Amino acid sequence: MRDMNATSTPKPVTYATVTWDQLHRDARTLAATLMEKHGPFRGIVAITRGGLIPAAILGREMGCRLIESVSVISYAGEEGTQHQPRVVKAPTAAGDGEGFLIVDDLVDSGITAQFVREMLPKAVFACLYAKPDGKPLTDHYVTEVAQDTWVLFPWDTAPLFVPPLVRNEKD
């Protein structure tokens with residue numbers, strides 16, 4: 001049992017900031033690898049929201065126009081607490097994933113990745129950045145990031161233009 005009088009120092013959080021330029025370079029690198037190893041894809045499934053921008057870049061680089069999305073909620077909030085994943089929008093155009101590429105910005109714990117892979121068992125899964133816990137669930141990634149690092153994407157560091165009371169964060 002922990003001594004209630006003892007003080008514990010919280011572990012410092014490490015941040016890694018990804019710029020728009022870096023994100024674009026990494027997406028282009030990923031596209032080249034995917035085309036070399038898998039050839040053309042019938043379509044791309046972007047995991048919303050983080051996979052939307054990488055999917056757009058990959059679609060352009062690989063000449064793929066069919067971009068589908070899957071929306072899975074597994075975080076209870078921005079603080080990183082996770083709960084059982086649930087589908088808000090299914091990737092119906094992708095069928096079982098045959099000929100499709102699943103794309104996300106980051107695989108962290110792997111909970112969302114595992115959930116989507118089960119939905120699309122024949123798809124290839126790729127992301128720009130992978131943490132050790134989620135890395136086994138991705139087929140391709142560009143850069144490994146330490147598990148305790150919080151990745152700040154360009155859309156995380158820009159101010160919000162829509163006031164929080166108007167935004168719909170429930171879904």
Side-chain angles (χ1 to χ4, degrees), residues 13-18 20 22-24 26-27 29-31 33-34 37-38 41-59 62 64 66-158 160 164 167-171:
V13 176
T14 303
Y15 293 95
T17 301
V18 178
W20 285 111
Q22 186 64 51
L23 183 96
H24 195 226
D26 290 343
T29 297
L30 183 59
T33 299
L34 290 165
K37 299 202 178 207
H38 300 282
F41 289 92
R42 284 186 37 228
I44 296 172
V45 175
I47 297 178
T48 67
R49 294 174 301 206
L52 289 170
I53 292 171
I57 297 168
L58 291 171
M62 299 187 310
C64 184
L66 176 56
I67 299 181
E68 171 67 283
S69 67
V70 59
S71 182
V72 177
I73 296 176
S74 63
Y75 285 95
E78 294 300 321
E79 70 277 357
T81 56
Q82 289 193 300
H83 54 81
Q84 188 63 31
R86 67 182 172 92
V87 176
V88 177
K89 191 246 175 236
T92 55
D96 63 2
E98 180 74 39
F100 275 78
L101 169 66
I102 303 166
V103 177
D104 208 350
D105 55 354
L106 168 75
V107 63
D108 189 332
S109 67
I111 291 172
T112 300
Q114 180 66 41
F115 190 74
V116 174
R117 285 197 82 122
E118 288 171 5
M119 293 172 66
L120 305 167
K122 294 184 178 181
V124 172
F125 188 99
C127 58
L128 299 177
Y129 311 104
K131 292 186 178 183
D133 288 355
K135 192 169 73 168
L137 295 163
T138 185
D139 298 310
H140 300 280
Y141 63 92
V142 178
T143 302
E144 184 171 346
V145 179
Q147 194 66 43
D148 63 351
T149 298
W150 190 268
V151 179
L152 296 172
F153 289 96
W155 48 87
D156 294 326
T157 58
L160 295 173
R167 295 171 63 220
N168 183 4
E169 286 294 329
K170 289 183 243 165
D171 293 330

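None of these values were measured; they are calculated from a predicted model.
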Contact between [X] and [Y] at the side-chain level, heavy atoms closer than 4.5 Å - yes or no?
X	Y	answer
Pro85	Ile111	yes
Val116	Val72	yes
Phe125	Phe100	no
Val151	Val18	yes
Asp148	Val13	no
Ile53	Leu23	yes
Tyr141	Leu30	no
Asp133	Asp108	no

Using modelled atom types only, decide if a donor and an acceptor are shared between the side chain of Thr138 and the backbone of Gly134 within a distance under 3.5 Å.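 No.
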side-chain contact (heavy atoms from CB on, under 4.5 Å) evaluation trace for Val103 with Ile47: CA-CA 6 Å; Val103 177; Ile47 297 178; over 6 Å; no
[atom2] on [Y] to [atom1] on [X], rounded to 0.5 Å:
X	Y	atom1	atom2	result
Thr112	Leu106	OG1	CG	10.0 Å
Lys131	Trp150	NZ	CH2	7.0 Å
Ile67	Phe41	CD1	CZ	12.5 Å
Thr48	Ile73	OG1	CD1	8.0 Å
Leu128	His24	CG	NE2	11.0 Å

For the student: nearest non-hydrogen atoms of [X] and [Y], plus distance:
X	Y	value
Ser69	Val45	C-CG1, 4.2 Å
Gly51	Ala46	O-CB, 3.6 Å
Gly97	Leu120	N-CD2, 3.9 Å
Val107	Cys127	CG1-SG, 3.6 Å
Met119	Pro91	CE-CD, 3.3 Å

With a 4.0 Å cut-off on N to O distance, would you call [X] and [Y] a salt bridge?
X	Y	result
Glu68	Lys89	yes
Glu144	Lys135	yes
Asp139	Arg117	yes

Which residue pairs satisfy the side-chain hydrogen bond (donor to acceptor under 3.5 Å, both in side chains) criterion with at least one member in residues 90-106, sequence neighbours excluded?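 Found Asp96-Lys122.
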Quick one, Phe153 with Trp20, criterion side-chain contact (heavy atoms from CB on, under 4.5 Å). Give me CA distance, side-chain angles, the key distance, then yes/no. CA-CA 8 Å; Phe153 289 96; Trp20 285 111; over 6 Å; no
If you apply the rule side-chain contact (heavy atoms from CB on, under 4.5 Å), what do you find for Thr17 with Gln22, and how did you get there? CA-CA 10 Å; Thr17 301; Gln22 186 64 51; over 6 Å; no
The criterion is side-chain hydrogen bond (donor to acceptor under 3.5 Å, both in side chains); which residues satisfy it with His38, sequence neighbours excluded?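 Testing His38 for side-chain hydrogen bond (donor to acceptor under 3.5 Å, both in side chains), a comparison that skips the adjacent residues, returns His140.
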